[in-house]
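Numbered from 1 within each chain, the chains take letters A, B, ... in sequence-line order.
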There are 2 protein chains.
Amino acid sequence: MSDMDTINRNILRELQANGRISNLELAEKVGLSPSACLRRVQELERTGVIQGYRALVDRNAIGGGFLAYITVGLSQHTKAHQMAFEKAMQRAPEVRECHNVTGTIEYLLRVEVADLAAYKHFHTEVLGTVPQVSSITSYIVMGSPKDQRA
Amino acid sequence: MSDMDTINRNILRELQANGRISNLELAEKVGLSPSACLRRVQELERTGVIQGYRALVDRNAIGGGFLAYITVGLSQHTKAHQMAFEKAMQRAPEVRECHNVTGTIEYLLRVEVADLAAYKHFHTEVLGTVPQVSSITSYIVMGSPKDQRA
DNA sequence: TATACGGCGCAATGTGCTTGTGTTTTGGGG
DNA sequence: CCCCAAAACACAAGCACATTGCGCCGTATA
């Protein structure tokens with residue numbers, strides 16, 4: 001296991017801010033030689049601390065300008081029903097995140113679609129056709145004052 | 001504006017899956033020469049379609065193993081109060097996302113902390129000290145069957 | 001103190017990025 | 001149907017960077 005010293009924390013912070021920073025620049029920022037820095041990054045990747053790298057794409061530019069969070073309650077809480085629901089969410093491309101949560105409902109979804117019409121389609125044709133869904137509450141995102149998704 | 005043809009869509013798809021793919025490999029996957037591919041990527045970056053690159057870090061490895069979504073309702077809906085609340089969220093490092101949403105509440109937060117104790121601290125010391133907060137509902141994430149955050 | 005070990009810096013090598021240039025393709029008008 | 005202009009592409013050279021082997025040093029252990 002790679003120990004979490006200050007240098008590693010700095011490396012992760014820099015890579016979270018800019019995943020494509022060159023190893024040279026990264027090494028300088030954290031105060032290491034390029035080789036030592038690279039070895040630490042590779043170790044972090046190998047041990048799974050760094051799970052991968054993603055490009056951040058503007059949703060509006062690719063027809064995903066409509067964003068909503070949805071809470072979903074199930075009428076039955078058996079493992080089989082949960083698995084069935086989760087499978088359905090896996091298949092739906094509009095669903096970007098599906099969290100199993102505590103509270104008055106069971107699931108919290110993040111849904112990205114092109115527009116309100118597409119959202120209605122998802123709401124009725126996708127969520128509406130999954131059995132055991134007992135409650136659906138939509139929270140349409142009007143803006144995100146803070147968004148550090150990575 | 002860079003037009004969204006099939007090649008560009010493929011480029012974005014590949015970069016969302018692997019933000020550090022080499023330009024050579026990316027070019028081969030989308031069926032272009034390396035130079036043409038690089039020019040398209042640069043154009044996408046220049047026009048803001050690609051907003052940046054991030055490393056995906058395992059939260060458990062850096063002491064952020066406790067994840068929750070929180071819905072927040074305000075007692076007053078004036079612009080000044082909203083701004084004050086958003087400012088407070090900007091300052092709180094535990095808050096990774098803050099969405100302004102429609103519905104029975106005003107805000108949806110994504111909060112990442114180390115453990116339940118840290119969560120309690122955030123709940124009482126941070127959220128509890130912001131005026132105009134009238135309702136707080138926590139949805140603690142037990143698992144994420146699907147997570148395509150990027 | 002001797003020794004083993006882990007982490008680091010240095011240097012050389014290979015790989016990929018990057019840009020200028022010529023070529024091909026595409027679209028509109030004669 | 002052909003021609004021309006503009007955009008997109010492939011090719012190649014130069015260069016920067018990633019990558020790896022090696023020796024050094026500082027620390028822990030017996």
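Going from atom CG of A/Asp5 over to atom P of D/dT27 covers 15 Å, rounded to whole Å. In this entry the distance linking CZ of A/Arg39 with C1' of D/dT20 reads 7 Å, nearest Å. The CG-P distance, from B/Leu32 to D/dA8, rounds to 11 Å in whole Å. In this structure, CG of B/Leu38 is placed 13 Å from C1' of D/dC9, rounded to the nearest angstrom.
No more than 12 heavy atoms of other residues, nucleotides or ligands sit less than 6.0 Å from atom CE of A/Met83. Under a cut-off of 6.0 angstrom, the local environment of CD in B/Glu28 is sparse, with at most 12 non-hydrogen atoms contributed by other residues, nucleotides or ligands. Atom CD of B/Gln51 sits in a crowded spot, with more than 12 heavy atoms from other residues, nucleotides or ligands closer than 6.0 Å.
Checked by atom type and distance alone, the side chain of B/Ser135 pairs as donor or acceptor with a backbone atom of B/Gly73 at under 3.5 Å. Although no hydrogens or angles enter the test, the distance criterion places a donor-acceptor pair under 3.5 Å between the side chain of A/Ser22 and the main chain of A/Glu25.
Of all nucleotides in DNA chain C having an atom under 4.0 Å from a heavy atom of chain A, the first and last in 5' to 3' order are C/dC8 to C/dC10.
Screening residues 7-17 of chain A for salt bridge (charged side-chain N to carboxylate O under 4.0 Å, His left out), with sequence neighbours left out, gives A/Glu14-A/Lys29.
At a non-hydrogen distance threshold of 4.0 Å, nothing from residues 20-30 of chain A comes into contact with DNA chain C.
The two residues A/Asn60 and A/Gly65 come nearest to each other via the heavy atoms OD1-CA, 3.3 Å.
The ring of B/Tyr107 has its center no closer than 6.0 angstrom to the ring center of B/His99.
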